[in-house]
Every structure is written in structure tokens, then in C-alpha cells.
> 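Let me give you the structure first, and then I'll get to my questions.
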Amino acid sequence: MTRTPLIVNALGQLDNPNAPQSMAAAAELNPTGEQYTVDARALADARASGLTAVNITLGYVMGDLPPYEHTLHEIDVWDGIVERHPDDLLKVTTAADIRTAARDGRIGVVYGFQNAEAVEEDAGRVATFAGRGVRVVQLTYNQANRLGGGSMAPAGTGLTALGHEVVDALNEHHLMVDLSHSGERTCLDAAAYSRVPVSVNHTGCRALADLPRNKTDEELRLVASRGGFVGIYFMPFLSPTGHARAADVVEHLAHAVDVCGEDHVGIGTDGPVTAIDDLDAYRDRLAAHVAQRRAAGMSAAGERPDTYPFVVDLRGVDQFRELIRLLERRGFPSRVIEKVMGRNFVDYAERVWTA
């Protein structure tokens with residue numbers, strides 16, 4: 001391509017994982033927003049990569065933190081981060097904000113949840129979260145919660161009565177219903193029930209790698225048929241071996257486009273732009289972290305001590321340009337590459353976030 005397209009990461013991070021604070025946080029089960037390092041390198045790398053906007057995870061995901069209180073605190077933390085970097089960051093609440101970030105050379109920050117447990121028993125809290133600028137709400141993490149089943153919940157665990165109430169509230173307040181990490185039954189239930197198109201912001205294709213964190217063709221097709229969005233991640237679940245490569249990302253994108261159509265697929269890397277510098281030291285720490293997640297019952301099938309939670313040959317500031325190059329080699333036309341790298345997410349945001 002002769003120019004870098006709009007690049008939107010439907011699920012990622014803003015962090016310098018090499019900073020001492022972030023290295024310490026990576027060993028914890030529940031790192032908080034204060035523990036991420038949004039420093040000069042993280043910001044410079046994000047800009048150098050061509051990234052336009054990223055959906056970051058904040059709030060309660062797992063563990064014994066008070067879900068609602070912790071989530072409100074995390075929103076405060078990220079508001080502070082954005083306010084401290086006005087020349088670099090822009091809080092995104094509309095699709096137009098993403099275009100503004102592109103025009104101004106800033107990074108758009110989309111506030112998102114990876115677990116809706118902070119709602120607890122009160123779907124009315126969705127209004128509070130919407131008012132604070134949250135724009136993406138993933139219903140479940142890997143296990144079942146009050147709303148439905150995660151990818152590791154017993155098969156057949158569907159959307160609960162409260163889950164239906166929360167989907168209604170998300171529709172009413174124009175927030176994305178994100179079905180990443182959901183189990184198949186909950187995904188199909190929510191995609192069929194929602195009055196507004198839903199998303200799966202970071203996943204892979206079960207047809208290529210039969211792991212529960214990946215989506216079946218039936219799920220992908222239903223999400224797309226109702227005007228939704230599917231983001232392909234840069235994660236070990238893309239390969240049955242657990243050692244996913246850039247070529248696997250390309251094949252999962254190609255399959256998703258075949259199933260969903262070129263207007264409904266994008267990227268959701270589930271990682272930062274800044275690469276880990278010392279992979280050997282990181283590998284030594286990884287086994288302990290995987291064991292910790294397993295002990296807490298929060299891991300997914302395919303997480304192992306010998307698998308990186310990223311694609312080793314598709315990371316760092318060149319990750320998006322390298323993916324574009326590989327998509328071109330695979331035969332993707334420029335039109336489709338532009339859609340996959342960001343335009344489809346912006347178009348989907350217009351469909352959902354517009355009052």
C-alpha cells in the first residue's frame with residue numbers, strides 16, 4: 001500500500017512492559033491501571049506504529065476485588081492518564097473522536113470492560129458506566145458469571161435473565177456488546193437477542209484451531225449477519241501447537257473474511273505495541289503467571305508455560321506494517337486491508353455509538 005491506513009486495535013494495551021512497574025504488575029493476577037506504564041516510550045512506540053485508536057481493558061476482570069468500586073476507580077485512573085497526556089491521547093466516546101485522533105496525530109483511547117461483573121445485580125449501572133465514557137462491555141470472562149457463560153464454562157451455559165437485562169441496557173445506552181471470551185451458547189444467545197449489532201473484539205476461528213477461546217463459523221456468521229464486528233487476535237490460540245506465528249494471524253483473518261464478509265472483520269491484538277525486550281527473562285516469569293491463572297480458575301485451554309501470550313514474529317512498532325505486508329502477499333486488495341486494519345471498526349462504532 002502507498003499509505004498507512006487508519007489502524008484501530010479493537011482490544012489492546014497502552015503500556016511499556018519493560019518498565020520495572022509493569023514487569024512487577026505482569027506477575028500479578030489482577031494488575032490495576034496504576035501499575036501500567038504509559039511513559040514516553042509507550043507513547044512514542046504507539047505513534048511510530050501508526051496506531052490510531054485502541055480499546056483498552058479497565059475495571060474488574062477477576063479475583064476478589066470489589067467489582068463495582070474497583071471499576072469506578074479504574075475509570076478515574078484512566079481519566080487521569082489521558083488528562084496528563086493531552087498532546088498524545090484522546091478519550092474516545094464517538095466514532096468521530098477516532099477520526100479526530102487520526103487528524104491530530106494522537107492515540108484514541110476507548111474504555112472497555114473484559115467482564116461485566118461490575119454490574120452485579122443492577123443493570124441500571126450500565127447508565128453510570130456509559131456516562132463515564134465506557135464504550136465496550138464484554139459480558140463474561142473465561143468462567144461463567146451472573147450474565148452467562150464464558151469460554152471455559154460448561155457447554156450449553158446460556159445468557160441468563162440478568163444477561164438479557166444487561167444487553168437491553170447496553171443497547172439503550174449505545175454501548176458495544178462484546179462477546180469475546182463468551183461460551184458458544186451465550187454468544188449465540190446474545191447475538192440473536194441484541195437489538196444492536198454485537199462484536200467479538202478479540203478472537204480466532206475455531207475451524208482453524210479447535211480451542212474454546214476461538215469462535216465457530218456459526219458464531220462468526222451470526223455476528224456478521226446482524227451487522228456486527230469480529231477482531232482477530234495475535235494470541236497462541238491461533239495455532240493448535242500454541243506457538244502462533246504471523247502466518248496464522250493472516251490465515252485466521254482470511255477465514256474470518258470468508259465467513260463474515262470483508263465489512264465485518266478487523267484486528268484486536270490483545271497486546272501492547274511496545275515489545276518485551278528480554279524474552280528469555282520473560283519466559284522465566286511466564287510459567288509462574290500461567291500457574292497462578294490456573295490456580296485461580298481463570299485460564300483458558302491453550303494457555304501453557306511454553307506459549308507466549310502474543311505472536312512472537314508480529315510484535316513491536318512494525319507489527320501493523322508487517323501485517324499489511326503479509327496481507328498484500330496473501331492477495332488481499334488494498335480496499336480490504338484498509339477495512340481490516342481499522343475502517344470496519346470505525347463503521348461498526350458508528351452503527352452502535354450513534355444516539
Side-chain angles (χ1 to χ4, degrees), residues 8-49 51-120 125-138 173 175-176 178 201 268-274 349 353:
V8 182
N9 191 349
L11 192 282
Q13 301 169 23
L14 278 175
D15 182 41
N16 175 4
N18 306 291
Q21 176 175 281
S22 290
M23 289 176 66
E28 297 186 14
L29 189 62
N30 290 305
T32 65
E34 292 106 326
Q35 293 174 285
Y36 288 108
T37 308
V38 186
D39 60 6
R41 178 175 175 185
L43 294 169
D45 284 357
R47 281 179 145 172
S49 74
L51 181 67
T52 303
V54 55
N55 168 32
I56 56 101
T57 299
L58 54 74
Y60 180 85
V61 178
M62 67 184 92
D64 58 3
L65 296 163
Y68 183 62
E69 294 79 3
H70 173 66
T71 296
L72 292 178
H73 174 67
E74 287 273 281
I75 294 171
D76 289 339
V77 168
W78 273 98
D79 279 348
I81 292 170
V82 173
E83 288 166 6
R84 286 193 295 276
H85 301 282
D87 295 333
D88 299 291
L89 302 176
L90 174 67
K91 183 175 176 177
V92 168
T93 59
T94 67
D97 288 336
I98 298 177
R99 299 188 185 95
T100 298
R103 183 197 68 204
D104 295 348
R106 290 186 282 173
I107 307 299
V109 182
V110 181
Y111 288 9
F113 295 170
Q114 281 207 67
N115 192 337
E117 182 62 26
V119 170
E120 296 179 326
R125 289 179 175 175
V126 169
T128 300
F129 299 138
R132 294 297 309 274
V134 174
R135 288 296 177 267
V136 181
V137 175
Q138 183 176 294
H173 293 284
L175 304 191
M176 292 182 183
D178 182 5
N201 283 358
T269 70
D270 204 7
V273 169
T274 300
W353 294 342

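All values below come from the heavy atoms of this structure, side chains included, with hydrogens, waters and symmetry mates left out. Here the structure is a predicted model, which is why all the values come from computation and not from measurement.
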> Over all heavy atoms of both residues, which pair between Gln35 and Ala25 is shortest? Give the atoms and the distance, please.
CB-CB, 3.6 Å

> Which residue, Asn115, Leu72, Val119, forms the side chain to side chain contact (heavy atoms under 4.5 Å, CB included) with Tyr60?
Asn115

> Please evaluate residues Asn16 and Thr274 with respect to the criterion side chain to side chain donor-acceptor pair (under 3.5 Å), reporting the C-alpha separation (whole Å), side-chain torsions for both, the decisive distance (0.1 Å), and the verdict.
CA-CA 6 Å; Asn16 175 4; Thr274 300; 5.1 Å; no

> Measure the spacing between CG of Asp97 and CH2 of Trp353 and express it to the nearest 0.5 Å.
8.5 Å

> Just so I know, are the side chains of Thr57 and Gln138 near enough to count as touching, which here means a heavy-atom distance under 4.5 Å?
no

> In Å, rounded to the nearest 0.5 Å, how long is the span from CD of Glu117 to NE2 of His70?
12.5 Å

> Please answer whether the main-chain N or O of Thr37 pairs with a side-chain N or O of Ser22 as donor and acceptor at a distance below 3.5 Å.
yes

> May I ask you to test the Tyr111-Val82 pair for a side-chain heavy-atom distance under 4.5 Å?
yes

> Within the 4.5 Å heavy-atom criterion, are Arg41 and Asn18 side-chain neighbours or not?
yes

> Using the salt bridge (Lys or Arg N to Asp or Glu O under 4.0 Å) rule, collect all pairs that involve residues 63-81, keeping only residues at least two apart or in two chains.
Asp76-Arg132, Asp79-Lys91, Asp79-Arg132

> In Å, rounded to the nearest 0.5 Å, how long is the span from CG of Asn55 to CG of Asp178?
7.5 Å

> Using side-chain heavy atoms (C-beta onward) and a distance below 4.5 Å, is Leu175 in contact with Phe113?
no

> On a heavy-atom basis, which atom in Thr269 and which in Gly12 lie closest, and how many Å separate them?
OG1-CA, 4.3 Å

> Using side-chain heavy atoms (C-beta onward) and a distance below 4.5 Å, is Val8 in contact with Val110?
no

> Within the structure provided, determine whether Val54 and Ile107 are in side-chain contact (heavy-atom separation under 4.5 Å).
yes

> Grab the two heavy atoms, one from Pro17 and one from Met23, that are nearest each other, plus how far apart they are.
O-CG, 3.2 Å

> For Thr100, give me all partners under side-chain contact (heavy atoms from CB on, under 4.5 Å), at least two apart in sequence or on another chain.
Leu90, Arg103, Asp104, Arg106

> Please report the interatomic distance CG(Asp45) to CG(Leu51), rounded to the nearest 0.5 Å.
11.0 Å

> Which pairs pass ring pair (Phe, Tyr, Trp, His ring centres under 6.0 Å) with one or both residues in residues 74-93, sequence neighbours excluded?
none

> Ignoring hydrogens, what is the shortest heavy-atom contact between Thr94 and Val92? Give both atom names and the distance.
O-CG1, 3.5 Å

> With a 4.5 Å heavy-atom cut-off, do Gln114 and Leu11 have their side chains touching?
yes

> State, to 0.1 Å, how close Asp87 and Arg47 come at their nearest heavy-atom pair, and which atoms those are.
O-NH2, 2.8 Å

> If the test is side chain to side chain contact (heavy atoms under 4.5 Å, CB included), which one of Ile81, Val77, Ile56, Asp15 qualifies with Tyr36?
Asp15

